[in-house]
Number of protein chains: 4
Amino acid sequence: MSLSKPIGERSERPGDDAGSAGKRERRKEARPGELLDAALDLFVEKGFAATRSEEVAARAGVSKGTLFLYFPSKEELFKAVVRENISGRFDEWNQEFEEYQGTSAEMVRYCIQVWWDRIGATRASGITKLMMSEARNFPELAAFYQQEVIRPGTQLIRRILQRGVESGEFRPNLDVDYSVYSVIAPMIFLIMAKHSLGACVPEDFAVDPQRYLQAQADMLVAGLCNREPLP
Amino acid sequence: MSLSKPIGERSERPGDDAGSAGKRERRKEARPGELLDAALDLFVEKGFAATRSEEVAARAGVSKGTLFLYFPSKEELFKAVVRENISGRFDEWNQEFEEYQGTSAEMVRYCIQVWWDRIGATRASGITKLMMSEARNFPELAAFYQQEVIRPGTQLIRRILQRGVESGEFRPNLDVDYSVYSVIAPMIFLIMAKHSLGACVPEDFAVDPQRYLQAQADMLVAGLCNREPLP
Amino acid sequence: MSLSKPIGERSERPGDDAGSAGKRERRKEARPGELLDAALDLFVEKGFAATRSEEVAARAGVSKGTLFLYFPSKEELFKAVVRENISGRFDEWNQEFEEYQGTSAEMVRYCIQVWWDRIGATRASGITKLMMSEARNFPELAAFYQQEVIRPGTQLIRRILQRGVESGEFRPNLDVDYSVYSVIAPMIFLIMAKHSLGACVPEDFAVDPQRYLQAQADMLVAGLCNREPLP
Amino acid sequence: MSLSKPIGERSERPGDDAGSAGKRERRKEARPGELLDAALDLFVEKGFAATRSEEVAARAGVSKGTLFLYFPSKEELFKAVVRENISGRFDEWNQEFEEYQGTSAEMVRYCIQVWWDRIGATRASGITKLMMSEARNFPELAAFYQQEVIRPGTQLIRRILQRGVESGEFRPNLDVDYSVYSVIAPMIFLIMAKHSLGACVPEDFAVDPQRYLQAQADMLVAGLCNREPLP
DNA sequence: GATGAATGAGCATTCATTCAT
DNA sequence: TATGAATGAATGCTCATTCAT
């Protein structure tokens, strides 16, 4: 089972490596990426409208003008940020689960952990926060996100649940279609805790991701595997 | 057990009745509420920064100047919107659950349904979306929300879970503190489905609230009551 | 020699007398005057543009609307303030000096003292400050002020100086026309000290009017009466 | 004795030469000065509140936004205008008078003429008008002006008068402290004639500066040197 | 290419003025 | 008459975008 490279991660921040000689020496090809990184951070942190273009440029270590050299407008920058961080990784992931050998419960646990490792814990999780916040202002992007992320993700999880029901591991009366949300909701919640309210009130709301995922996975597996009549 | 009136609902929108009409109507009492309603809608829909003051005024059926007659700035308007919709309802709810006679499983189901009736299905749900999107820009309000909503809500749910564990209904190995999120996460998710992505892509993502809540409550209760060792 | 009533003085401020019965009882006829008083104070203090109409109304103890009941616009209010406080008192004063019996030097001293008693020390002095500050924005008023105040005042002083030269009291080589300014300039300066910079830095710039007028009158008389060749 | 360059004068106005023209000229060095010049003119002409930011920018030949590129607010612009034109010139002047060889009467005449050449006749005179008009709205600046201009100027003149009294040239009974105003008042008056009322009613009030200064200097010297008992 | 000075449309806010009560 | 809620033109200021260097 190959662990594919997490998406949304870029190795180093610009300016961190004061290694090579003259100042301001930078590989051109890296510029757009650095801008996208900076933009992702700021859009997630402050929202699209409240993020100033100049700030993005500054964080990427370039001038205001340079930003518009690579992206014709702030809106296009936003779209690029979203697109850049939604690489269609689902084919690969589908295959991973196709070949998976364990039980369906293990598969659910694995799914959650893999999501955390590759998405939740990475910069890519910001995209989800971003879409949640800005969807209404970018319906076109929302549709794109729906198409590229929501639908395949939902389908992937749905197949896992279906497999569990068919194998007799999970409750036979499971509402497979809507139980998918029982897997997704905890993910969304964790992202929001990380990027939204949780980023503001550290002490009281601080969620320990691993313990959180453990509790959610336990609850989920217990709920899926409970064959007795529900009270 | 009295079903208290849902919060965040205002009976009629101004300007809907083209009856009496005539401009320069004097409604000092009604104005603030109408403005807050309009602002809530727009802030939820477009975000704080992307909402123009004049738009809020227009939706409330008044002129730009009138808005500033009641709220000294756009930011104060935002704060008022949040505060207005976070009336400490928790004392009442705590008492309700204190006096509740059914099983803990029933209590969990009731909790979810009551949340939906009084918050999720009402305009008040917009506040949650708002806080999720704008928390980073309004740390002061985020703290306020944490204090007034998150903390009491968490405590209320925690007590319910604790009760179930102590009565032997729920799994004894339940991580009570973090299982609270298993109740909250589906609520947050439903609100986001209603106000964010779900508001953009009706067909594919359309969630039927009742069926959704049914599935989530089932999963939750099944997970809570499953006494067998978890796979 | 009659001491005519100082101009620009109104006996009592509205609201100071809580004497008569019910509140808000006020003689209608007094309203415009109270508004003019309040306006004069504020225009002098902050200038025309920086004075808000509502503030004028509030200081006069009436509502915003009432102000516009008596004066069709802020600009008209300003004009009324200026006109109200420039009553053509010069005929009377001319006669006073026509009948004056003392020396010309005494006349000059008397002139200065009378100006202080009737203008400089009174609210009317604010008008001068006002014209200095706002003349460029109200050329029409400036012309009016020139006509009603500057010209007659200048002429009055000129006649006094002329009388002194003709009687042999004053230097024969006196530039009568321009020496008039030697009388006026100290007056203007004192008004500015009172209403402008002097009102800001109490300690350092505080000018004792009587000592100031004494010194200026001395210098003036000494300069007028010095018959020796000028060094 | 060197005649230092008059302050407050800038050689050419931008946009006067339609030669090179072309918009979007980059003149980072020159901009602030041009804006300060334009602002000084307009503030003197119309007052702070009545001057629109865009007007200042337009007169400086730039767009609205450029103004705020150099000055963060209209108020800061005002402060900069005042500060820019109050360069501590007094050290130089003090030394000049320290080394002066003529009589005290000549010194007084020289003082007046030098003031006119370096201040009165230049754009710097507008600052005085400005402070007179706006002191109450900018108490902080008024204090600054008091500190940087009023106090040193007063001291300089006071020393000259003191010198004359001690040398026996001037009246021994001179109220030195308050006679200083006999020198200052004519200056203030001339500035007001130039920038205020005098700028409105050219014909009647037009003051010929040189003749005016001659008359005032004559009167002053005559008053200072008159050793006879005052009538 | 890269820069950052310059632009100006856009928006928050103020306040003289109106007018229903 | 008097009020003060309501209005909207005017204005300070921001910031995405352009473009001369």
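Scope of the values below: all heavy atoms of this structure, side chains included, with no hydrogens, waters or symmetry mates. Note on naming: letters A, B, ... go to the chains in the order of the sequence lines (proteins, then strands), and numbering restarts at 1 for each one.
- At whole-Å resolution of the value, CG in B/L77 and P in E/dA12 are 11 Å apart.
- In the set E/dA5, E/dT13, E/dG1, the nucleotide with an atom closest to the side chain of A/Y70 is E/dG1.
- The pair B/E134-B/K79 does not count as a salt bridge, with every side-chain nitrogen at least 4.0 angstrom from each carboxylate oxygen.
- Taking the side chain of D/S73 as heavy atoms from C-beta on, and the options F/dT3, F/dC13, F/dT17, the nearest nucleotide is F/dC13.
- D/K64 has its NZ atom 9 Å from the C1' atom of E/dG10, to the nearest Å.
- For A/F48 and F/dC15, the CZ to C1' distance is 12 Å, given to the nearest whole Å.
- At the heavy-atom level, D/T66 lies under 4.0 Å from base atoms of the strands shown.
- Checking E/dA20 for Watson-Crick or G-U wobble geometry (two distances, each under 3.5 Å) identifies F/dT3 as its partner.
- Following rounding to the nearest Å, D/E54 (CD) and E/dG10 (P) show an atom-to-atom distance of 14 Å.
- The heavy-atom pair separating C/C200 from D/A135 by the smallest distance is SG-O, 3.5 Å.
- D/R52 comes within contact range of the sugar-phosphate backbone alone, with a heavy-atom separation under 4.0 Å but no base atom that close.
- OP1 and OP2 of F/dT1 both lie 4.0 Å or more from every side-chain N or O belonging to C/R31.
- When each of B/L42, B/L67, B/D41 is tested with B/E55 by the rule side chain to side chain contact (heavy atoms under 4.5 Å, CB included), just one qualifies, namely B/L42.
- Between the CG atom of C/L69 and the C1' atom of E/dT21 there is a distance of 14 Å, rounded to whole Å.
- Between A/F78 and A/F48, the ring-plane angle classifies as perpendicular under the 30° and 60° cut-offs.
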